[in-house]
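Below, all heavy atoms of this structure are taken into account, side chains as well, without hydrogens, waters or symmetry copies.
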Amino acid sequence: MVSKIKNSIIFSQIPSVTESDYPGFQPDTYILKKGSVHRHGGKELPCDVLCERDAAMQLRDGTTIYMDIFRPVKEGKYPVLIAWAPYGKRGHYLCYDLFEGRMGVKEEWEDGLNEFEGPNPSYWVNHGYVILHPDPRGIFGSEGDAYAWGTQEAEDEYDFIEWAGQQNWSNGKVGMTGNSWLSMAQWNVASHQPPHLTAIAPWEGALDNYRDTSCKGGIPDILFVSSIFEHLYGNNKYENLVAMIKSHPLMDAYWEDKIVHAEKITIPAYVTASYTNMLHTNGTFAGWEKISSKEKWLRVHDTHEWHDYYTPEHVEDLRKFFDHYLKGVNNGWEKTPRVRLTVLDPGHKNIPNRPEESFPLHRQKLQTFYLDTSNMGLSQATPHEENSFIYNPQEGASFQLTFTEDVEIIGYMNLCLYVAAESADDMDLFAYVRKRDKDGKLMSIPIINGQNCTGASGRLRVSMRKLNKEKSTVNRPYYTFDEVQKLHSGEIIPVEIGFWPFGMKWHAGEKLEVFITGNELWTHPEFPNLPAIDNLNKGRHIIYTGSQFPSRLIAPIIKNC
């Protein structure tokens with residue numbers, strides 16, 4: 001890590017470790033017996049598991065970190081799977097206490113040895129793998145201060161992978177698995193190309209911490225970030241991301257260090273994504289597109305990352321991938337469709353696992369739908385007359401179009417608006433593309449456990465609207481986030497609101513709705529009690545349409561579906 005960046009980081013004391021969170025530092029080696037149960041309702045261990053608890057290794061700067069090692073009892077050389085996360089080597093307090101119900105993850109799907117959002121060690125040991133659960137620097141008993149992604153974490157992972165690949169129980173091939181932070185860790189270190197890292201399986205994880213999670217659309221998400229970091233435990237300090245958001249509100253060297261250079265990833269990758277994860281959707285799809293791996297696969301599901309990750313049939317699918325690349329098993333994995341796409345269809349049945357050759361789809365046709373404030377409609381023709389609509393940002397503005405044929409919208413959308421703010425020098429805009437049935441009823445998108453999504457979404461703090469013209473395309477704006485451009489009184493400005501990738505079907509007679517508001521309509525399903533993020537809206541908003549102000553939605557259309 002560049003010393004200038006490192007010296008600017010604000011650290012805070014990690015919450016003290018308690019016995020309920022951490023059973024203590026107990027280096028030991030023992031066998032967990034076949035048939036034993038390690039959590040209430042959890043599955044029995046399918047085999048004996050040799051556990052080395054609180055084993056130590058040293059990073060390049062002399063910092064010692066500790067891990068739990070789970071491996072077969074029989075001596076041999078096995079492929080290694082690493083789950084890199086800051087939630088504890090055995091994340092019981094997160095898995096079972098904080099997230100009761102865990103988005104439909106059944107008790108019998110976990111063995112109680114697993115980290116939060118990580119693999120079940122006994123399953124993989126039973127199939128001839130070694131599982132490593134390290135506590136990164138600063139976490140629980142590991143030395144040093146804890147960092148949030150960036151170069152420092154990647155270097156630590158690199159050292160750990162190379163150590164693992166050279167142990168006497170390793171066959172020299174290392175893979176990584178897990179979701180959320182565990183996926184972000186995979187993107188991060190794979191871009192640094194450690195020689196022993198052979199394959200990765202990012203199961204929904206951000207690629208750019210500023211754009212994907214902390215400040216989506218230039219709007220800080222302080223509440224969510226703080227909710228994650230308050231559940232880290234250790235004896236030292238941690239990188240205070242909330243403080244850094246406040247002290248570094250614009251894109252700078254600090255945030256640039258947390259952007260993964262995915263084009264440097266060349267190893268095989270099994271990427272899993274969904275359209276409805278507010279933290280990970282954009283980064284996961286971007287990672288799939290940007291990595292240079294010739295052998296890469298994408299599967300898009302329609303539930304939640306936790307449920308999807310632990311579903312037994314998906315675990316078997318993942319093992320087929322790792323068996324192929326880490327064990328050299330000739331199991332036909334290479335014949336798996338490169339893209340297995342789910343198309344959402346609220347009011348009907350979703351279309352799961354549809355084979356495709358690419359994402360975005362090669363056969364997409366970008367189509368423009370113009371907003372018309374004279375009738376609050378959408379059409380493919382530009383309205384001739386200039387009109388405007390004034391709305392309270394606590395309420396919003398709805399524009400609708402009825403499809404006359406079956407249509408899918410799959411990929412990236414861009415909402416180009418001409419807007420102004422009454423009595424304010426800034427505005428927060430939240431935009432949604434939603435589906436209404438033939439009678440106009442809003443069709444919510446089920447996720448799991450009673451949680452629903454309101455539709456495809458995008459957001460923008462208007463003062464952060466500056467675009468990188470070289471990286472932006474007609475349907476995918478790329479913001480620089482390095483300059484604040486406040487509004488002037490009476491000024492009408494064009495803005496582009498990019499949507500995270502989506503895939504949904506409308507049937508003939510159903511309505512496409514573009515809904516624009518000043519509020520976040522859908523919060524994190526993992527944290528149903530967490531309030532929506534704060535906005536800075538004051539006064540009313542104005543949307544302009546017409547030939548002079550061609551407000552429009554640009555969408556990737558798939559017909560004959």
One pair to check against side-chain hydrogen bond (donor to acceptor under 3.5 Å, both in side chains): Asn350 and Asp345. What are the steps and the verdict? CA-CA 5 Å; Asn350 292 347; Asp345 194 358; over 6 Å; no
Steps toward side-chain hydrogen bond (donor to acceptor under 3.5 Å, both in side chains) verdict (Asn277, Thr281): CA-CA 5 Å; Asn277 192 309; Thr281 291; 5.4 Å; no
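Trp506 does not carry Lys511 over the face of its six-membered ring by the limits of under 6.0 Å from the centre and within 45° of the normal. Figure legend: cation-pi geometry between Arg552 and Tyr370 absent, as NZ or CZ is not positioned both under 6.0 Å from the six-membered ring centre and within 45° of its axis. Judged by the 6.0 Å distance and 45° axis criteria, Arg476 is positioned over the aromatic ring of Tyr412.
By the 4.5 Å heavy-atom criterion applied to side chains, Val260 and Asp208 are not counted as neighbours. Proximity of Leu487 to Arg465: side-chain heavy atoms (C-beta onward) are separated by under 4.5 Å at one or more points. Counting heavy atoms from C-beta outward, Gln400 and Met376 have side chains that stay 4.5 Å or more apart. Using a 4.5 Å heavy-atom cutoff, the side chains of Val514 and Tyr432 are not in contact.
A donor-acceptor pair shorter than 3.5 Å cannot be found between the side chains of Asp302 and Thr342. A donor-acceptor contact closer than 3.5 angstrom is absent between the side chains of Thr545 and Glu386. Between Asn353 and His301, the side chains place no donor N or O within less than 3.5 Å of an acceptor N or O (distance only, hydrogens not considered). At a cut-off of 3.5 Å, with distance as the only test, no side-chain donor of Tyr479 or Glu496 sits close to an acceptor on the other residue. Checking Glu395 against His541 by side-chain atom types alone, no donor-acceptor pair falls below 3.5 Å. At a cut-off of 3.5 Å, with distance as the only test, a side-chain donor of Thr177 or Tyr309 sits close to an acceptor on the other residue. Using a 3.5 Å distance cut-off with no hydrogens or angles, the side chains of Thr480 and Asn468 do not pair a donor with an acceptor. For the 3.5 Å distance criterion, the side chains of His280 and Glu305 qualify, holding a donor opposite an acceptor. In this structure, a donor-acceptor pair under 3.5 Å is present between the side chains of Glu204 and Ser274.
Two rings, from Tyr310 and Trp109, have their centers 6.0 Å or more apart. Between Phe116 and Tyr87, a ring centre-to-centre spacing shorter than 6.0 Å is recorded. Between Trp297 and Tyr270, the distance separating the two ring centers is not shorter than 6.0 angstrom. Here the two rings, on Trp181 and Trp84, have centers that are 6.0 Å apart or farther.
With hydrogens and angles disregarded, a donor-acceptor distance shorter than 3.5 Å links the side chain of Thr373 to the backbone of Asn387. No donor-acceptor pair closer than 3.5 Å links the side chain of Ser293 to the backbone N or O of Glu295.
Taking the six-membered ring where the residue is Trp, His348 and His507 present tilted rings, their angle falling between 30° and 60°. Aromatic ring orientation, Trp255 versus Tyr210: perpendicular (interplanar angle above 60°, classes split at 30° and 60°).
Counting non-hydrogen atoms of other residues, nucleotides and ligands closer than 6.0 Å to NZ of Lys365 gives a total of 12 or fewer. Within 6.0 Å of CD on Gln485 lie more than 12 heavy atoms contributed by other residues, nucleotides or ligands. For Lys538, the NZ atom counts as loosely surrounded, since its 6.0 Å shell holds 12 or fewer non-hydrogen atoms of other residues, nucleotides or ligands.
Residues passing the side chain to side chain donor-acceptor pair (under 3.5 Å) test with Gln193, sequence neighbours excluded: none.
Shown are Thr284, Asp308, Asn179; of these, the side-chain hydrogen bond (donor to acceptor under 3.5 Å, both in side chains) with Trp203 is made only by Asp308. Considering Leu536, Ile542, Asn537, Asn535 in turn, Asn537 is the only one that fulfils the side chain to side chain contact (heavy atoms under 4.5 Å, CB included) rule with Met427.
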